[in-house]
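Chain letters run A, B, ... following the sequence lines, proteins first, then strands; residues in each count from 1.
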Number of protein chains: 2
Amino acid sequence: MDERSLSRRQRERLRHRQEILEVALDLFSERGYHNVSMEEIARKAEFSVGTLYTFFHNKEELYKAMVLEKAEEFHNTLIKSLSISGNEYKKIKTFVDSLINVFMKNLKFVRIYLTETRGIPFKLKAGLDEKIKAQYEDILRKLADIFSAGIGNNIFKRIDPYLLAVALDGITSSFLVQYLEHPDEHPFDADLILSIFFDQVYEGGLNS
Amino acid sequence: MDERSLSRRQRERLRHRQEILEVALDLFSERGYHNVSMEEIARKAEFSVGTLYTFFHNKEELYKAMVLEKAEEFHNTLIKSLSISGNEYKKIKTFVDSLINVFMKNLKFVRIYLTETRGIPFKLKAGLDEKIKAQYEDILRKLADIFSAGIGNNIFKRIDPYLLAVALDGITSSFLVQYLEHPDEHPFDADLILSIFFDQVYEGGLNS
DNA sequence: ATAAATTATGAATGATAATTCATTTATTGA
DNA sequence: TCAATAAATGAATTATCATTCATAATTTAT
């Protein structure tokens with residue numbers, strides 16, 4: 001993992017792998033798993049098909065590696081964002097901010113993410129959905145803990161905290177989808193989401 | 001369309017078509033477009049492959065017909081629900097009720113719907129996403145009109161009505177997904193959704 | 001400089017599955 | 001009862017890829 005400790009050859013090989021995954025993300029996000037061939041990935045990455053198979057056992061592994069590495073990135077960012085200090089409102093705000101941040105930085109991946117988590121996954125055997133869903137649940141639970149604490153501190157209304165987390169996530173992703181669909185008309189804005197969501201949940205008004 | 005005016009033969013043929021579409025829905029919703037073969041659809045519907053091709057030019061057409069007919073059903077139900085009379089709160093409530101109703105009655109279709117509208121559609125050439133998305137937009141706009149009227153009547157807060165519609169839809173679908181994932185733990189309940197959504201938007205409290 | 005090891009190549013192979021169509025079976029109307 | 005018409009069949013044909021592997025090119029170490 002530490003680039004420094006690798007030989008030039010190994011670093012180059014790692015870079016090639018990254019390049020392949022990059023191209024794969026581009027194509028899969030545009031057209032889905034089954035509408036992209038290994039031949040095409042190879043061509044666009046400027047390698048031969050055979051080379052792809054020196055990196056990944058098969059197409060499924062290639063896809064899985066790409067998705068898992070991206071999902072990991074998402075998950076880490078979100079988990080990190082949940083650990084900052086402050087009152088519960090601040091925590092939620094930080095979370096939504098960084099959620100929007102990773103999503104905006106990885107727009108290509110977003111549709112794949114939505115498909116795997118909420119739609120019918122491309123490759124059923126891959127068992128990717130399970131892994132990604134577990135990460136997603138993990139986030140929801142941690143969010144729920146924050147809501148729960150906020151309820152204890154009387155800054156949020158008494159509603160099942162897990163469902164609050166689900167609702168917040170729902171609003172966020174519907175705004176995200178709107179943004180994907182009409183990027184000009186609907187800026188994907190944290191404050192907007194928070195104001196719609198919090199004006200109701202936040203018992204003491206928006207300040208305090 | 002009127003079964004009454006058809007000969008027995010024609011009615012039977014129509015029924016066969018329905019049976020095929022029914023099986024197709026089952027399989028596609030379970031495993032997605034590319035992981036289901038014509039052979040399998042035929043076998044499960046107790047017809048030969050050839051017969052499928054007397055109903056539909058090709059696999060894509062079969063899939064398209066199935067999705068479009070279901071989506072039409074959804075759309076009609078929702079549109080109808082939006083035209084009932086009452087104040088704006090009542091209208092929104094009726095809408096959410098009937099949304100939940102159609103979704104619950106068509107659970108198999110829901111994942112396909114989510115995939116086509118928010119994920120990467122199975123079959124790009126089908127151009128289904130465009131049609132379904134247009135229906136979806138149509139609903140959103142009509143919902144926005146209701147919010148707009150409600151704002152005029154001072155029952156809702158002054159927030160961009162279209163975004164309110166998006167937010168409501170977001171909460172609803174995230175609850176739906178939760179239900180699909182964990183049907184026992186999370187009943188898909190209209191009042192819950194409304195109470196989370198409306199406590200914030202509804203200026204005068206929940207009654208009036 | 002050269003053998004050994006690593007990496008890359010892409011034509012050939014094999015599997016799967018969509019589609020066709022000549023033939024059979026069933027229904028209708030005369 | 002018997003053509004004529006409509007429906008249904010499924011083996012054969014094709015098309016599309018994923019995957020393999022014998023060969024070549026490149027790099028490293030002696």
Side-chain angles (χ1 to χ4, degrees), chain A residues 3 5-24 26-28 30-67 120-126 128, chain B residues 3 5-24 26-28 30-67 120-126 128:
Chain A
E3 284 236 349
S5 66
L6 300 174
S7 70
R8 181 241 291 277
R9 219 173 197 208
Q10 290 172 312
R11 273 172 313 181
E12 207 150 72
R13 183 128 170 103
L14 213 52
R15 216 170 306 121
H16 290 177
R17 191 186 126 101
Q18 293 307 330
E19 283 172 21
I20 291 167
L21 289 179
E22 199 62 41
V23 168
D26 271 17
L27 291 173
F28 285 138
E30 206 62 53
R31 309 219 301 278
Y33 184 82
H34 292 283
N35 297 310
V36 171
S37 69
M38 291 298 266
E39 209 288 301
E40 194 177 2
I41 297 173
R43 187 157 21 84
K44 201 166 167 205
E46 297 174 76
F47 286 104
S48 68
V49 238
T51 301
L52 298 199
Y53 283 87
T54 67
F55 285 99
F56 310 97
H57 286 333
N58 50 45
K59 187 182 176 187
E60 191 173 328
E61 290 289 317
L62 163 51
Y63 176 72
K64 218 194 299 198
M66 183 275 284
V67 174
I120 298 174
F122 295 131
K123 195 65 192 169
L124 284 84
K125 273 185 298 182
L128 257 183
Chain B
E3 285 236 348
S5 67
L6 300 174
S7 71
R8 181 241 291 274
R9 220 174 197 209
Q10 291 171 310
R11 274 172 313 183
E12 207 149 74
R13 182 126 171 106
L14 213 52
R15 216 169 307 120
H16 290 177
R17 185 179 184 276
Q18 293 307 330
E19 284 172 19
I20 291 167
L21 289 180
E22 200 61 42
V23 168
D26 271 15
L27 292 173
F28 286 138
E30 207 61 52
R31 310 220 300 279
Y33 184 82
H34 292 282
N35 298 310
V36 171
S37 70
M38 292 297 266
E39 209 287 301
E40 192 177 4
I41 297 173
R43 187 157 20 86
K44 199 167 169 202
E46 296 174 76
F47 286 105
S48 68
V49 239
T51 301
L52 298 200
Y53 284 88
T54 66
F55 285 100
F56 310 96
H57 287 332
N58 50 44
K59 188 181 175 186
E60 190 172 331
E61 291 289 317
L62 164 52
Y63 175 72
K64 218 193 305 196
M66 183 276 284
V67 174
I120 299 173
F122 297 130
K123 196 63 194 168
L124 283 75
K125 274 185 297 182
L128 258 184

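For A:K59, taking side-chain heavy atoms from C-beta onward, the closest of the listed nucleotides C:dA8, D:dT19, C:dT19 is D:dT19. Looking at the side chain of B:T54, the nearest of the listed nucleotides C:dT6, D:dA18, D:dT9 is D:dT9. Across D:dA18, C:dA26, C:dT6, the shortest atom-to-atom separation from the side chain of B:R9 is found for C:dA26.
Side-chain contact between A:L21 and A:L62: present, with at least one pair of heavy atoms (C-beta onward) separated by less than 4.5 Å. Side chains of A:I120 and B:R31 form no contact here, defined as non-hydrogen atoms less than 4.5 Å apart.
In terms of phosphate contacts, B:H57 brings no side-chain nitrogen or oxygen within less than 4.0 Å of OP1 or OP2 of C:dT19. Taking 4.0 angstrom as the limit, B:S48 places a side-chain polar atom (N or O) nearer than this to OP1 or OP2 of D:dT9.
Between A:R11 atom CZ and C:dT7 atom P the separation is 14 Å, expressed in whole Å. For B:F56 and C:dT20, the CZ to P distance is 15 Å, given to the nearest whole Å. Atom pair A:Y53:OH and C:dA11:P shows a separation of 16 Å (rounding to whole Å applied). D:dT26 atom C1' lies 13 Å from atom CZ of A:R13, rounded to whole Å. To the nearest angstrom, P of D:dA29 lies 11 Å from CZ of A:R8. In this structure, A:L52 places its CG atom 15 Å from P of C:dT7, rounding to the nearest Å. Put simply, CD on B:Q10 is 15 Å from P on C:dT27, counting in whole angstrom units. B:R17 places its CZ atom 14 Å from the P atom of D:dA7, with the value rounded to the nearest Å.
A heavy atom lying under 4.0 Å from DNA chain D marks the following residues of residues 30-47 of chain B, by number: B:F47.
If you check the side chains of B:S48 and B:T51, you find a donor sitting under 3.5 Å from an acceptor. B:R13 and B:T54 share a donor-acceptor pair across their side chains, judged by distance under 3.5 Å alone.
Of the two residues near DNA chain C, B:N58 and B:E12, the one whose nearest nucleotide lies more 5' is B:N58.
Going from atom CE of B:M38 over to atom OH of B:Y63 covers 14.0 Å, rounded to the nearest 0.5 Å.
Taking the centre of each ring, A:F47 and A:H16 come in below the 6.0 Å mark.
The aromatic rings of A:Y33 and A:F122 sit parallel, their planes meeting at an angle under 30°, below the 60° perpendicular limit.
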